[in-house]
Amino acid sequence: MRSKHIKIMPFVALAMSLFLTQGVLLFLGVRQLRLLISYGLLYFLAVSYMLSSGKIRCLSPTEKMYLFVVVVLGLFWEKSILFCIIWGCMVFVVWYFNHLDSQKYYSRFLFLVFFFIETLLGIYEKTIQTSFFSTYDLEAIIGEYGIEALGQNGFRATSLCGYPLANALVVSISMSFLLLYYKKLTYRFVIWFIGCWSLFAFNARGATLVWVLISVLLIIDLLKHSRNNRRWCILFSLIAFIPVIFNYLAHSHWGGRLFHDDEILDGSAMTRIGAFDYYKNLSPSVIVFGYDYSYPPTENGYLNLLIRYGLIGGLPFILFQLKMIWQYVGNRSGFEKCILLLAFIGVGQTNNALNQSMFLYLFCLCISIFNSKENEKNLNYHSFV
């Protein structure tokens, strides 16, 4: 039975972690300890709960090995306790929210509010061609990111995160969990339409193309679970709807670089394709032990982790991280695993986002508040209202 009382501290901690993004904090003039300000309270509550309840003994071998690798990298490569906290505490967040069953309703509601603010703000920014939370990082590289000087087709909304590709991955992760959790077709269509439209606002070509694939898989699954009359209705709607959208995107600034660039393989795309050429030209010592770079050298997040920590540090970090992710989605169907991993890792590999902790944190958070076992309580695929 759902609790009528909300626990204030977990709710406030979750709100801080969602809404106090890099873009918002930089807009407010906060340039130091941004991650601790955003996640500090939630991490403190999660770790305190695990230690006081004795549930830390329940961590899986994979989680323990992941935490061990994080501590080793934090002490010997980064020489930073903050690194250990930021990358390690998300394991405790999963356990924390898994044991706050009475609060998951409020957590999901807050997350839904965050999703709509994140997407609708990006769409509004694209409409008026003005960014509200563009960070100083974007202004420093004005030729690449969403500033008015780029013109309409090149404008990229910055929304809450302040970085177009970061926003695209945040929307991708959020949208995948929401679409799998809510089963009413009207809810799913609104979430999908607004989410995908915001990807055009962020002008994220890679994320958009991955979501074309995900959308095809979702449509196939929807048709598979629909009755014959509804199936024909859906097919007819798609045949009428898709050409109109494509025509609009092709003849408006909303199509962005995906529809209006003269070349698909422009400089940005070639940078991603040439990432491994950069890696193979590194010296053997750098490949084994890594080196400390000031700015990510490639547009591939996992490759950047290998470059930073070398094979002896980066490879275990990536492998145990992936194994932990697989463990977290293990109780879901093969179809749901495919959707979630494409939305997270598939989109994440189109840029350098996966070498940042905030996206793994968001994925782990969604895992815990959108429990797959609760999906069975929602209405089935055939319900339109």
Side-chain angles (χ1 to χ4, degrees), residues 11-42 86 90 93 107-141 144-148 155-178 190-204 207-208 211 256 343-344 347-348 350-354 356-366 369-370:
F11 189 81
V12 170
L14 178 61
M16 289 174 61
S17 68
L18 291 176
F19 290 98
L20 292 182
T21 61
Q22 172 175 288
V24 173
L25 289 174
L26 289 174
F27 177 80
L28 297 174
V30 179
R31 297 177 181 270
Q32 302 296 327
L33 300 179
R34 295 193 301 266
L35 292 176
L36 273 187
I37 293 173
S38 300
Y39 306 141
L41 179 58
L42 182 58
I86 292 171
M90 59 191 71
V93 170
S107 300
R108 286 191 292 268
F109 174 76
L110 183 63
F111 192 86
L112 196 61
V113 171
F114 166 76
F115 173 78
F116 281 114
I117 292 177
E118 163 77 2
T119 52
L120 293 176
L121 178 59
I123 292 171
Y124 181 66
E125 287 179 337
K126 178 73 172 180
T127 302
I128 66 173
Q129 297 285 295
T130 300
S131 297
F132 293 101
F133 298 112
S134 57
T135 69
Y136 70 98
D137 303 284
L138 298 180
E139 294 169 357
I141 45 177
E144 176 67 15
Y145 299 108
I147 305 298
E148 293 88 333
F155 180 86
R156 308 179 79 171
T158 56
S159 195
L160 294 176
C161 294
Y163 184 82
L165 298 181
N167 284 291
L169 185 52
V170 165
V171 169
S172 179
I173 295 170
S174 306
M175 184 164 46
S176 64
F177 279 94
L178 290 169
V190 170
I191 291 168
W192 173 84
F193 182 80
I194 293 177
C196 287
W197 203 252
S198 72
L199 295 181
F200 285 101
F202 302 131
N203 217 341
T208 304
W211 265 95
F344 177 34
V347 172
T350 63
N351 54 72
N352 58 28
L354 293 180
Q356 302 175 50
S357 62
M358 64 174 287
F359 304 107
L360 181 60
Y361 158 79
L362 182 66
F363 187 83
C364 292
L365 178 65
C366 290
I369 66 177
F370 293 101

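Note that these values count all heavy atoms, side chains included, but never hydrogens, waters or copies made by symmetry.
When all heavy atoms are compared, the tightest approach of Ser159 to Phe202 is CB-CE2, 3.7 Å. Shortest non-hydrogen contact noted between Ser172 and Val347 is OG-CG2, 3.3 Å. When all heavy atoms are compared, the tightest approach of Thr119 to Ser198 is CG2-OG, 3.6 Å. Summarising the geometry of Ala207 relative to Ala168, their closest heavy-atom pair is CB-CB, 4.1 Å, with the distance given to 0.1 Å. Contact between Leu41 and Met16 at its shortest, heavy atoms only, is CD2-SD, 3.9 Å. Minimum interatomic distance between Gly195 and Val171 (heavy atoms only, all atoms of both residues): O-CG1, 3.7 Å.
With rounding to the nearest 0.5 angstrom, the SG atom of Cys161 is 11.0 Å from the CG atom of Leu25. Atoms CG and OG1, on Leu26 and Thr158 in that order, are 11.0 Å from each other to the nearest 0.5 Å. Taking CD1 of Ile173 as the reference point, atom CG of Leu178 lies at 12.0 Å (rounded to 0.5 Å). For the atom pair CH2 (Trp211) and OG1 (Thr208), the distance works out to 11.0 Å, reported to the nearest 0.5 Å. Note that CG of Leu120 is 8.5 Å distant from CZ of Phe115, once rounded to the nearest 0.5 Å. Interatomic distance, OG of Ser174 versus CG of Leu169, reported as 9.0 Å (0.5 Å rounding).
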Run Leu165 and Arg156 through side chain to side chain contact (heavy atoms under 4.5 Å, CB included) and show every step you take.
CA-CA 9 Å; Leu165 298 181; Arg156 308 179 79 171; 3.0 Å; yes

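Applying the 6.0 Å contact sphere to CZ of Phe27 captures no more than 12 heavy atoms from other residues, nucleotides or ligands.
Legend: residues meeting side-chain hydrogen bond (donor to acceptor under 3.5 Å, both in side chains) with Thr21, ordered by chain and number and at least two apart, are absent. Residues forming a side-chain contact (heavy atoms from CB on, under 4.5 Å) with Tyr124 (at least two apart in sequence, or on another chain): Ile128, Phe132.
Side-chain contact check for Val24 versus Phe19: every heavy-atom pair is 4.5 Å or farther apart. Taking 4.5 Å as the limit, every side-chain heavy atom of Tyr39 sits out of range of all side-chain heavy atoms of Val93. Between Leu354 and Phe344 there is a side-chain heavy-atom pair separated by less than 4.5 Å. Taking the side chain as every heavy atom from C-beta outward, Leu14 and Leu365 approach each other to under 4.5 Å.
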Taking only distance into account, with no hydrogens and no angle test, what donor-acceptor pairs under 3.5 Å do side-chain atoms of residues 357-364 form with protein atoms, sequence neighbours excluded?
from   : atom 1 : to    : atom 2 : distance (Å)
Tyr361 : OH     : Ser17 : OG     : 2.5

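Arg108 places a side-chain N or O within 3.5 Å of a backbone atom of Ile369 that can act as its donor or acceptor partner.
Aromatic ring centroids of Phe111 and Phe177 lie 6.0 Å or more apart.
Judged by distance alone, the side chains of Glu125 and Ser131 never bring a donor and an acceptor atom under 3.5 Å apart.
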